[in-house]
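Working notes, beginning with the structure itself.
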Amino acid sequence: MLDIKFIRENTELVNQALTNRHDDASLEEILTLDQQYRERILVLEELRRERKAAARQKQASEEMINKGRELRTNIQSLEEEIRGLNAQLNDLLLRIPNIPDPSVPVGKDETDNVVLRTWGELPAFDFKPAPHWELGESLGIIDFERGVKLSGSRFYVLKGMGARLQRALITFMIDLHTNEHGFEEIYPPYMVKQECMVGSSNLPKFKDNLYHDEEDDLWFVPTAEVPLTNLHRDEIIPPGILPIYYAAYTACFRREKMSAGKDTRGIKRGHQFDKVELYKYVEPATSGEELEKLLASAEDVCRKLKLPYRILQLCTADISFASVKSYDIEMWAPGCSEWLEVSSCSNCGDFQARRANIRYRPTPDAKPQFVHTLNGSGLALPRVLIAVIENYQQADGSIIVPEVLRSYVGADVIR
RNA sequence: GGAGGGAUCGCAUAGUGGUCUAGUGCGGGCGCCUGCUAAGCGCUUACCCUGGGUGACUGGGGUCGUGGGUUCAAAUCCCACUCCCUCCGCCA
């Protein structure tokens, strides 16, 4: 969420940001509401001051009681009006996206993202590389039909070495991030309360993409970013604690309403998938460099797996709602011959911190201020699984297990 | 799922309609005193919104788990919700 004061004082800048993002939200109504709200508050406070002063008198005369009745009526109707204004204002504010950093290229859609660099050699095969859905079925490690039988389209079952390979990847990633990159491992709930979804910017705008349990009003996390953001919701972090680095493995649940019909083949886009997520709470001045470090931590996974990848700088139209600046990591998948997004690393500035009310105290006697938060996948499992299967495939349909995974998998080759 | 108890400043607690402008103790901070790692004394101690002043500062309002309600007046009474505790039942 943006600071209403900031919007008030930098309306042009915010409007420009909305234009650059191709977001159709409007500030006009917000500014009108804000002005009304503040005018009414002033009147209300004066009435309350009168009531307070009167209530301090011990004895109440008939006259005072009558005057008090009148005050009460006025205060109540004013309070109701202000509540309404505030609710409207808040709802609109929650739908305004973050302002992109000036270094983010202005673009109209994802085709304006910029490839910053590419790492590794694209593998050369002396046979036609197969897509993972063919390899997965022939090796008996991915069962699409039974996934559909259990849960419908966009669900699949991993079997035997397929399940094991995924579990190996998860463990490998968490070990890497906790042992070498300074992250603390977190195992969070997969279902959270509504206010968590608001704090991490998933609600109200992206309701359609979330699973929701009606009976207990719990929301299924679409990413561990949600619980990790809310871990410190409504907290003031004491001096000397930041930066905080968290790594969490969770399943992720997405209805994929916005991507209906897209990527229905294989395991690229399911309703349920696994992900190792990296998350940082940092001091505002450091968030720029922390984003670069976050990206490096995620990249390290690709390098250790020896999988070719490239780094994209996302343009203004493609960075996520809460983001100031984002990089995507895409791995090469020779079977389906496309670059697969395996990670998106974002600096959210104080956007989520303001929504979730996460502050820190720079020094013991300083006023609390909002932290900056960053998130990035490290990495998303199904697509890494695809990349491993397709890049490490051999002519006979077997898959070589990447060196760093062998101790976890307990085999050199999956056949 | 059933029955009961509870949520007040960092911690512990007092407060059952106006004397609460929320007290006290501990802890924290600042200072004073003192010939000695102690003790004592004084002051101070959260957050949000909104105004004034260049500034050191300062005015107003709100917050006693959350949201409503009753009342001239609510920490206190009523309703709903959230969370915690105790007991019973069920349970991987």
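In the text below, chain A, chain B and the rest are named by the order of the sequence lines, each starting its count at 1.
Distance CG (A:D216) to C1' (B:G1): 13 Å, rounded to an integer number of Å. Going from atom CG of A:L71 over to atom P of B:U71 covers 15 Å, rounded to whole Å. Atom pair A:Q194:CD and B:U66:P shows a separation of 19 Å (rounding to whole Å applied). Straight-line distance from the CD atom of A:E70 to the P atom of B:C72: 13 Å, rounded to whole Å. The distance between atom CD of A:Q369 and atom P of B:C47, rounded to the nearest whole Å, is 13 Å. Between A:L42 atom CG and B:G51 atom P there is a gap of 8 Å when expressed in whole angstrom units. Distance, A:R83 CZ to B:U66 P: 15 Å, rounded to whole Å. A straight line from CD of A:E39 to P of B:U50 spans 14 Å, rounded to a whole angstrom.
When the side-chain nitrogen and oxygen atoms of A:R72 are compared with OP1 and OP2 of B:C72, one or more of them lie within a distance under 4.0 Å. Look at A:R49 and you won't find any side-chain N or O under 4.0 angstrom from OP1 or OP2 of B:U21. For B:G62, one of the phosphate oxygens OP1 or OP2 lies less than 4.0 angstrom from a side-chain nitrogen or oxygen of A:K52. An OP1 or OP2 oxygen of B:C47 is reached within less than 4.0 angstrom by no side-chain nitrogen or oxygen of A:R359. An OP1 or OP2 oxygen of B:G69 is reached within less than 4.0 angstrom by no side-chain nitrogen or oxygen of A:Q76.
Between the side chains of A:H232 and A:Y246, at least one donor-acceptor pair of N or O atoms lies under 3.5 Å. For the residue pair A:Y281 / A:H372, no side-chain donor-acceptor distance below 3.5 Å is found, with atom types taken as modelled.
Nucleotides B:A80 and B:G2 have their P atoms positioned 14 Å apart, rounded to a whole Å. B:G62 sits 30 Å from B:G5 when the C1' atoms are compared, rounded to a whole Å. Nucleotides B:G15 and B:C64, compared at atom C1', are 11 Å apart to the nearest Å. Nucleotides B:G27 and B:U13 are separated by 14 Å at their C1' atoms, to the nearest Å. Going from the C1' atom of B:A75 to that of B:A92 covers 43 Å, rounded to whole Å. Using C1' as the reference atom, B:G4 and B:G40 are 48 Å apart when rounded to the nearest Å. For the P atoms, the distance linking B:U16 with B:U21 amounts to 15 Å, nearest Å.
Here the closest non-hydrogen pair linking A:N98 and A:S323 is CB-O, 3.6 Å.
A 3.5 Å limit on both hydrogen-bonding distances identifies no Watson-Crick or G-U partner for B:U70. Figure legend. B:A46 is base-paired to B:U63; pairs are counted as Watson-Crick or G-U wobble with both atom distances under 3.5 Å. Summarising the base pairing, B:A75 is matched to no nucleotide, lacking a Watson-Crick or G-U wobble pair whose two defining distances lie under 3.5 Å. Pairing for B:U24 goes to B:A12, judged as Watson-Crick or G-U wobble with the two contacts each under 3.5 Å. When Watson-Crick and G-U wobble pairs are counted only if both distances are under 3.5 Å, B:C90 pairs with no nucleotide at all. Pairing partner, B:G51: B:U58, with both Watson-Crick or wobble hydrogen-bond distances short of 3.5 Å. A 3.5 Å limit on both hydrogen-bonding distances identifies B:A7 as the Watson-Crick or G-U partner of B:U82. The partner of B:G31 is B:C41, judged by Watson-Crick or G-U wobble contacts that both fall below 3.5 Å.
Nearest nucleotide to the side chain of A:R361, out of B:C47, B:C72, B:A73: B:C47. Checked against B:C72, B:U50, B:G62, the side chain of A:I65 finds its nearest nucleotide in B:C72. Side-chain atoms of A:E45 lie closest to B:C49 of the nucleotides B:A73, B:C49, B:C72. When distances are taken from the side chain of A:A55 to each of B:C72, B:U50, B:A73, the shortest belongs to B:A73.
No contact: A:R40 has no heavy atom under 4.0 Å from any strand.
No side-chain heavy atom of A:S346 sits less than 4.5 Å from a side-chain heavy atom of A:L374. The shortest side-chain heavy-atom distance between A:E46 and A:V43 does not fall under the 4.5 Å cut-off. Within the 4.5 Å cutoff, the side chain of A:F172 has no heavy atoms near those of the A:H177 side chain. Looking at heavy atoms from C-beta onward, A:Y327 lies in side-chain contact with A:L116 at the 4.5 angstrom threshold.
When the options A:I142, A:I141, A:D143 are evaluated for a side chain to side chain contact (heavy atoms under 4.5 Å, CB included) with A:V157, the one that passes is A:D143.
Nearest-nucleotide positions on RNA chain B for A:N66 and A:L44 put A:L44 closer to the 5' end. Mapping A:R38 and A:P368 onto RNA chain B by nearest heavy atom places A:P368 closer to the 5' end of the strand.
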